[in-house]
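Since the structure comes first, as C-alpha cells, the remarks are kept for the end.
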Amino acid sequence: QPEDSGTCKTAVNVNKEGDLIMNSAYEKLTDCYESVKGELPFKPKVALVLGSGLGDYVKKMKVEKIISYHDIDGFPVSTVQGHKGQFVFGYVGNVPIVAMQGRVHYYEGYSMTDVVLPIRLMRLMGAEVLFLTNASGGVNYDYEPGDFMLIQDQIASFVPSPLIGTNIDELGARFPDMSEIYDEDLRKLIRYTASDLQLTLREGTYLQLTGPQYESPAEIRMYRLLGADAVGMSTACEAIAANHMGMKICGISCISNMACGMTDEPLSHTEVQETADRVAPLFRSLVSESIIRISDFLEQKEAEAQEKEEK
C-alpha cells in the first residue's frame with residue numbers, strides 16, 4: 001500500500017511538471033507572437049529553414065523585412081558558426097516567405113520546446129508549408145558528398161519529442177499521426193523540379209541525433225541497419241512540431257560528408273561547411289524553383305476546392 005501511494009505521488013509530480021513545461025512553452029510562444037505580429041510585412045505562405053550552406057540564400061530574395069532573434073523577448077539564439085539569428089521576410093518569385101536564417105539545436109543546451117519554438121512561431125505567422133534544409137552525413141554507401149537527398153521519412157527515436165508534456169490543444173492533437181510527415185505531393189513537385197534542373201536527387205530516410213559529437217563507426221553501422229540514409233543534429237524534431245500543427249512539410253538534405261568509418265578521413269565541421277558552400281548555388285536553385293512550384297500547386301488546389309464548394 002505505501003509503495004502504491006508513492007507511485008501515485010510520483011506520477012502526479014511528473015504530470016504537474018509536464019503541465020508546467022507545456023503551459024510555459026505555450027505562454028512563451030504566444031508572447032513571442034504578440035511581440036512580432038505588429039512587425040510582420042505580410043502573411044508568409046512558406047516557412048523556410050536555412051541549413052548550412054544556405055545562409056546567403058536571402059541575398060537572392062526580394063527582402064521586405066528582417067527581425068533579429070535578439071529583438072524577440074525570450075527567443076532562443078543560435079550559437080553555431082555560420083548560423084545568423086534572424087527571420088527574413090521576402091519574396092521568392094512572387095511567393096511570400098519567411099526564412100529562418102539560423103536555427104537552434106538541442107546540443108546548444110536549449111530545451112526541445114525552445115528548439116521548435118521558431119517553427120511554431122512561423123506557423124502562427126500564417127505559414128502553411130515548412131521547407132526544411134540541412135547539411136547531413138551520408139550513411140548510404142551510394143551517396144557522395146555534395147549530393148542532395150529528398151527526405152521521404154525520418155527516425156527521431158534518439159532525441160526527446162517536442163510534444164512531451166501536457167498537450168497544447170490550441171496547436172494540435174494529443175497523438176498526431178506520423179504516417180506521412182513529408183507530404184507526398186510536395187515531394188513529387190521537388191522530384192520534377194530537380195529533373196528539370198538536371199540535378200541528381202537521392203531519396204531517403206533522415207535520422208536525427210542529439211550531437212554535438214559526431215557518431216562513432218559502430219553507431220553508423222547501427223543506424224544503417226535501422227534504415228537511415230543520412231544523419232544530422234536537427235530537422236526531425238522540427239518536422240514533428242510542424243506536423244502537430246497541421247503544416248505541409250518537405251525537406252532536402254545536402255550530403256556534406258560521408259559518416260564516420262565510411263572513409264579514412266576524420267570528420268570536421270570545416271569539411272561540412274566547405275561542401276555545403278561548394279554546392280550552395282545548385283541548392284539555392286533547387287529550393288527556389290521548388291518553392292515557386294509548391295505555391296502554384298497550393299493555389300491550384302485552393303481554387304479547385306473553392307469551385308467545388310460553389311457547386
Side-chain angles (χ1 to χ4, degrees), residues 49 51-54 80 103 105-108 112 115-116 130-162 177-184 186-188 190-191 194 199-243 249-279 282-283 286:
V49 181
S52 297
L54 283 181
V80 181
R103 57 159 45 102
H105 303 79
Y106 187 59
Y107 65 74
E108 294 175 81
M112 192 56 82
V115 172
V116 302
L130 177 63
F131 199 133
L132 295 161
T133 69
N134 62 47
S136 61
V139 176
N140 189 321
Y141 274 108
D142 292 334
Y143 293 2
E144 295 179 359
D147 282 351
F148 300 123
M149 185 190 85
L150 179 62
I151 304 176
Q152 62 182 17
D153 206 348
Q154 67 180 36
I155 299 172
S157 306
F158 296 90
V159 294
S161 169
D177 176 60
M178 300 286 283
S179 56
E180 191 183 309
I181 306 167
Y182 296 90
D183 188 88
E184 175 57 28
L186 303 192
R187 283 188 278 144
K188 283 181 183 177
I190 295 173
R191 283 189 208 110
L199 292 175
T200 299
L201 184 65
R202 310 286 190 177
E203 292 191 47
T205 297
Y206 176 89
L207 185 150
Q208 181 179 352
L209 300 160
T210 63
Q213 75 281 359
Y214 289 112
E215 307 76 34
S216 72
E219 288 171 331
I220 291 300
R221 292 195 296 272
M222 176 180 69
Y223 302 146
R224 190 180 299 113
L225 287 172
L226 292 175
D229 296 290
V231 294
M233 304 173 191
S234 66
T235 304
C237 61
E238 297 164 334
I240 290 172
N243 180 69
I249 305 160
C250 58
I252 303 174
S253 288
C254 171
I255 306 300
S256 55
N257 58 278
M258 299 312 292
C260 188
M262 296 179 66
T263 70
D264 295 330
E265 298 298 319
L267 301 183
S268 71
H269 184 66
T270 301
E271 178 191 5
V272 171
Q273 196 65 53
E274 285 177 352
T275 302
D277 290 343
R278 174 171 59 82
V279 299
L282 297 176
F283 206 174
L286 178 58

Salt bridge flag under 4.0 Å for residues Glu144 and Arg202: no

Spacing of Ile252 atom CD1 and Leu54 atom CG [to the nearest 0.5 Å]: 9.0 Å

Distance (rounded to the nearest 0.5 Å) between Asn140 CG and Thr205 OG1: 10.0 Å

Met233 versus Tyr107, closest heavy-atom pair with distance: SD-CE2, 3.7 Å

Under the side chain to side chain contact (heavy atoms under 4.5 Å, CB included) test, residues paired with Val279 that sit two or more places apart: Phe148, Cys254

Minimal non-hydrogen separation, Leu132 against Ala239, with atom names: CD1-CB, 4.0 Å

side-chain hydrogen bond (donor to acceptor under 3.5 Å, both in side chains) against Glu219, all qualifying residues, sequence neighbours excluded: Ser216

Residues forming a side-chain hydrogen bond (donor to acceptor under 3.5 Å, both in side chains) with Asp277, sequence neighbours excluded: Gln273

Set of residues satisfying side-chain hydrogen bond (donor to acceptor under 3.5 Å, both in side chains) with respect to Asn134, sequence neighbours excluded: Thr235, Ser253

Full working for salt bridge (Lys or Arg N to Asp or Glu O under 4.0 Å) between Glu215 and Arg221: CA-CA 10 Å; Glu215 307 76 34; Arg221 292 195 296 272; over 6 Å; no

Qualifying residues under side chain to side chain contact (heavy atoms under 4.5 Å, CB included), relative to Ser157, sequence neighbours excluded: Ile155

Donor-acceptor pair, side chain of Ser234 and main chain of His105, under 3.5 angstrom: no

Those residues that, when tested against Tyr182, pass ring-ring contact (aromatic ring centres under 6.0 Å, His included) (two or more places apart): none

Rounded distance [0.5 Å steps], CG in Asp229 versus CG in Leu150: 11.5 Å

